Amino acid sequence: MMSRIEILAPDVRGKIAAGEVITRPVSVVKELIENALDAGATRIDISVDEGGKRKCSVNDNGTGMAPDDLARAVERYGTSKIHAVDDIERIATYGFRGEALASIAQVSHLEIETSDKHHGSRITVHGGIIKGTAASCRTQGTRVSVTDLFYNLPVRARFLKSAQREKQLIIDLIREYAAICTDKHFTVTTDDREALNIPASHDLAERMRLLVPRPIYEMFMPLTVHIGGVQIAGLFTRPDFQERHRVTFLSINDRPVKYPRLYRTIVHAYQDPKSPPAFVLHIRVPPEQVDVNIHPTKHEVKLRDERYVVDILSESLKKYIVTGSSVFTKRMDDRTYGTSEQRSDVHHPQFIQDTMMEGPKHYAVQRTEHDVREFWQVHDMFVFAQTRSGLIILDQHAAHERIIYESIMQGKCGSQRLLFPITLDLTVEEYHTYRKTKIILHDLGIDFKEFSSRTVVIDSVPTDTRVNRDDLVPLFRDIDGLGNLIKEKAEIAKVVACHTAIKAGQRLSEIEMQNLIDRLFACEHPYTCPHGRPAVIRMSMDELAAKFGRT
Ligand code: ADP
Ligand code: MG
């Protein structure tokens, strides 16, 4: 169907462009700080009054503009950032449309004061009309002040939220940029009061300490991956983190973005927990790999090879954060770390960080005690072990269940002949269940000999399990309890793991404890038993210190 085409008058055109990009004070602030960052500023001071409705101003120490550029800056399509159509394929700056200042100028009273270090200049624009230009004594950087936003668009002005709400949006926005541009100093003043002051930081961890609540910060683990052209740098909460929060920072090529598919990838890598992880994630890809030109506000971007990035992210999360975040190993060469006291305990397990992870220094809390026992078994139920960054506590049964479950499911463990085979006299139902499942059970490492009617003898069980007769008597009753799930190998494996794992109440030797820990952390999902209950919990030195009020 053809529609009638109307050509809009020039003043309307200007306002429509504004309608796309400039919808509220926070969009003004976003454009202004992006300009400041594009100009190479290292310090950006933002000041807003009445949530920005009355005034937003952004002051930077960037390169500034020459006096004869200034008028072009506020003209539509005036930009220094791209020159040819092809440049759009390789955007390395935040801005490129040359529309922001023009759009803002259309709907406000705008004043810019700038200096390219040689000449200072100033321009005043009201509703898109230049009211004056003048020299200024400014010596560096740029200050852009926007007052009375939408003074000439009362309808739009009415759509704004309360000053409090608009102010919060601005603060959230600055926090997002602060999480990305960690080496810049940001301040926000609202109605003459300092609302944020974030000095330049050395790295992401130091920056995030200023931006997220402490209980979340303390659960953060670093992830740094560089594969192909994809760079991932982030902090992710440990898999046992269970707090409610809304801490998710995501950027692509330094732009804060919403990217639901990446968010889902992360949550999924954590096996869709009840409380999703908190994280800050910065992804960088070559500029031509990301399309930023799909939305005027650039909140949404499109990765051209989305699948590739998703896979790298998902795999590295699983490997370094969710499961193998820290690999438990015996130290082969104790000279590789630590002090001389530490060298004495040759078999002390250590969390070592993979070479792909560059953890900030403060994540590594060094052991200070020496001459400690390696492991403690508490009430024949829990195993405590000291780690490089604190301690871990295993539930011996749950941990062993996890180990057995994974090894029998992978068919890796083989079976061991029992010195004293275990004879079971089965009920009719149990015998029936036995007939239905003996092939799966054989796959899982349990072998039987059939005797007379309804008497079977278990003569092999999976290796490294601990069984006695009493543990196995209820085996078929419990398998039968699976109901329809009886055909599922994984479900049967859970029952087998439960019946063959170390129980609470069993005393373990030092070697057995060591083994349990090593093998648990070699599992794909060490944090839970196959039924989803925790198998291990960790406590960092920071958490312990906090509990004792040592901050
Ligand atoms: P864009 O950022 O898309 O180029 P803008 O309308 O935001 O368009 O800005 C127009 C031009 O004005 C920029 O290309 C830049 O040359 C100049 N400019 C704007 N803000 C600043 C600033 N804070 N410091 C230096 N130059 C600036
Ligand atoms: Mg811009």
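Atoms within each ligand, like the ligands themselves, are counted from 1 in listed order. Because the structure is predicted, anything quoted here is derived from the model rather than measured. One is the number of the first residue; the rest follow in order along the sequence.
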**OP:** Decide whether an N or O pair under 3.5 Å exists between Leu101 and ligand 1.
**Re:** yes
Subject >> Qualifying residue, where the test is side-chain hydrogen bond (donor to acceptor under 3.5 Å, both in side chains) with His185 and the options are Thr42, Asn61, Asn197 >> reply: Asn197
Original post:
With no hydrogens and no angle check, do the side chains of Glu34 and Tyr177 hold a donor and an acceptor under 3.5 Å apart?
Top reply: yes
Subject >> Thr79 backbone or side-chain N/O/S under 2.8 Å from the Mg ion (ligand 2) >> reply: no
Subject >> Under 4.0 Å to a heavy atom of Ala100 - the qualifying atoms of ligand 1, by number >> reply: 6 (O), 7 (O)
Original post:
Does Ser80 reach ligand 1 with a nitrogen or oxygen that is under 3.5 Å from one of the ligand's nitrogen or oxygen atoms?
Top reply: yes
Original post:
Do any nitrogen or oxygen atoms of Ala39 lie less than 3.5 angstrom from nitrogen or oxygen atoms of ligand 1?
Top reply: no
Subject >> Per atom 23 (N) of ligand 1, closest listed option by heavy atom (Asp60, Leu37, Leu32, Val58) >> reply: Asp60
Original post:
Should the proximity of Thr79 to ligand 1, defined as any heavy atom under 4.0 Å, be assigned to the side chain, the backbone, both, or neither?
Top reply: both
Original post:
Is there at least one pair of N or O atoms, one from Thr63 and one from ligand 1, spaced under 3.5 Å apart?
Top reply: no
**OP:** Return yes when Glu99 approaches ligand 1 closer than 4.0 angstrom through a heavy atom, no otherwise.
**Re:** yes
Subject >> side chain to side chain contact (heavy atoms under 4.5 Å, CB included) partners for Thr147, two or more places apart >> reply: Arg54, Lys55, His109
Original post:
Can you name the salt bridge (charged side-chain N to carboxylate O under 4.0 Å, His left out) partners of Glu176, sequence neighbours left out?
Top reply: none
Original post:
Where the closest heavy atom to atom 22 (C) of ligand 1 is concerned, which of Asp116, Thr142, Asp38 has it?
Top reply: Thr142
Subject >> No-hydrogen, no-angle side-chain donor-acceptor test under 3.5 Å, Ser145 and Arg143 >> reply: yes
**OP:** State whether a side-chain donor-acceptor pair under 3.5 Å links Ser201 with Arg207.
**Re:** yes
**OP:** Give a yes/no verdict on whether any heavy atom in Gly64 is under 4.0 Å from an atom of ligand 1.
**Re:** yes
Subject >> N/O donor-acceptor pair under 3.5 Å between Tyr263 side chain and Thr248 backbone >> reply: no
**OP:** Before accepting this row, confirm whether a basic side-chain N of the pair Glu543/Lys547 lies closer than 4.0 Å to the acidic partner's carboxylate O.
**Re:** no
